[in-house]
Amino acid sequence: MASGVASNLTRARREPGAFTEVYAAYARQLLAFFVRRTFDVEAARDLTAATFAQAFEHRRRFRGSTDAEAAGWLYGIARHQLSRYARKGRVERKAVERLGIQVPTVSEDDYERIVELAGLAELRDRVAAAVGDLSDDQRDALRLRVIDERPYGEVARTLGISEQTARARVSRALRGLSDAIEMTPAAEVTP
Amino acid sequence: MTEPHIQLLDDLGAEFARVAAERERAPRRSRLRSLTATPARALAVAVSALVVLGGGTYAVQPTRAAIEDLTSTFAGWLAEDESDAPGRALRPEDDAPEWVREEGGRVIVEKAGVELYVTRSETENGTYLSFVLEGSVAVGNTIEGWRDTFQNRSVMVLGPGLDRLQDVLDEQGRFPLLGLAARSVERVELHYEQGPPVVETGVDGGFILLTDAWRQPRELIAYDAAGRELERVSLAYLDTRDLCDKEPTCPSS
């Protein structure tokens, strides 16, 4: 558990410089968190910046007293950012822009290290294994819907099944993949 | 096992350290001026074509002569009569930005978790009055500038409160519209092109109207305690319906 993060977050209300300790405690974890979920290093970088920018602007709203509460608060912002990104296909940058944060570029070396940090190679293996474990029916439905981006009606016609069945197969396939790639909370919260 | 060194995290951390240090060193006046010099640009971050400063650009002529204009709301405070200050002093639980707190800001009005702050500061150009719409966006001017703007005005729309970073609109598809009112104003009504208006009574120096983003506002009307109409302000410029394309909380229009 990160030591003193909650107290630094509280202190940052009056002493903004204390926020740098919060950043130092969670920047790597959050970057990895986003890379594992977006498979996109640059999007993960932007989401990390957006999360810390929003946390900085809203630091007065943190009401917890423990590091676990601080982590929960920070990851709550992160999940919200991720949800918006998934829904809208773009990173919410308002807080970053308001603060005037210059988001750095991703160098080649950084790219490789971030992939290593996030364990993407391992994750890809796990996804591949999880896809291999799916039934043929589920794998076909998943490919048509997620990779080929076909509407459910077309998935159903192609596979000769009802639309309801197509939805069910895709849903079950995604749930199986989700179980395979989901990281444990401890792995994400513990530095 | 040592973790890989990632330069971009160092660089991003340096950026946050810089921003935090700037807040601590508190060159807030210059920062504030830079923001207020381009309020429309700053506010356009979330809501396009929303902000207009100064009365002449959108106010229509008062339908009745205002008994007291907006200057009356702030005149005593500006003359350093603290007993005549608008609103209330900040409390520890208020979510005011640190620079507002340090400049002795006050809360003019609060509603639904949104607060409209005012600060008074001394600069090389004289006393500066700023109305804070959210953490880093303020509308400011010198006293002389505000006096010109406030003259013969009963109400003035400042713009939207954009402190809802996670959700620009609330669960009913509304955003807070912040404004100032003369002491003679007791009620304001925001009328849309269609449908019922939003009515705020008990107005005391300012107002926060939870405004439907999916409906086109037409005008704001201010009334005194006797129900007399004091002023009408056109809101035809305030078209936020495109926000509903991006937010899921708007009811079907």
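Chain naming here is simple, since letters A, B, ... match the order of the sequence lines and numbering starts at 1 in each. Here the structure is a predicted model, which is why all the values come from computation and not from measurement.
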* To do: Supply the atom-to-atom distance A:Gln102 CD to B:Arg18 CZ, rounded to the nearest 0.5 angstrom.
  => 6.5 Å
* Is chain B contacted by the side chain of A:Phe56, its backbone, both, or neither, given a heavy-atom distance below 4.5 Å? -> side chain
* Considering all heavy atoms of both residues, which atom of B:Ala20 and which atom of A:Pro16 are nearest to each other, and what is their separation? -> CB-O, 3.3 Å
* **CG (A:Asp40) with more than 12 external heavy atoms under 6.0 Å** => yes
* Under the side-chain contact (heavy atoms from CB on, under 4.5 Å) test, which residues partner B:Val109, sequence neighbours left out? -> B:Leu116, B:Ile208
* Show the numbers, then the answer: is there a side chain to side chain contact (heavy atoms under 4.5 Å, CB included) between A:Thr105 and B:Leu8? => CA-CA 7 Å; A:Thr105 56; B:Leu8 96 80; over 6 Å; no
* Interatomic distance, B:Ile6 atom CD1 to A:Leu31 atom CG [nearest 0.5 angstrom] -> 5.5 Å
* Structure fact -> Per-residue tally against chain B (heavy atom, under 4.5 Å) across A:Asp110, A:Thr48, A:Val103, A:Asp109 peaks at A:Asp110
* Select one option (side chain, backbone, both, neither) describing which atoms of B:Ala14 are under 4.5 Å from chain A's heavy atoms. => neither
* Which of the residues B:Asp10, B:Leu9, B:Val19 is involved in the greatest number of heavy-atom pairs with chain A at under 4.5 angstrom? -> B:Leu9
* Structure fact -> dist A:Ile101:CD1 -> B:Phe16:CZ (nearest 0.5 Å) comes out at 4.5 Å
* Asked: Yes or no on side chain to side chain contact (heavy atoms under 4.5 Å, CB included) for A:Phe52 and B:Leu12, after CA distance, side-chain angles and deciding distance?
  -> CA-CA 10 Å; A:Phe52 280 110; B:Leu12 187 57; 5.5 Å; no
* chain B heavy atoms under 4.5 Å from A:Arg93: which part of the residue, side chain, backbone, both or neither? -> neither
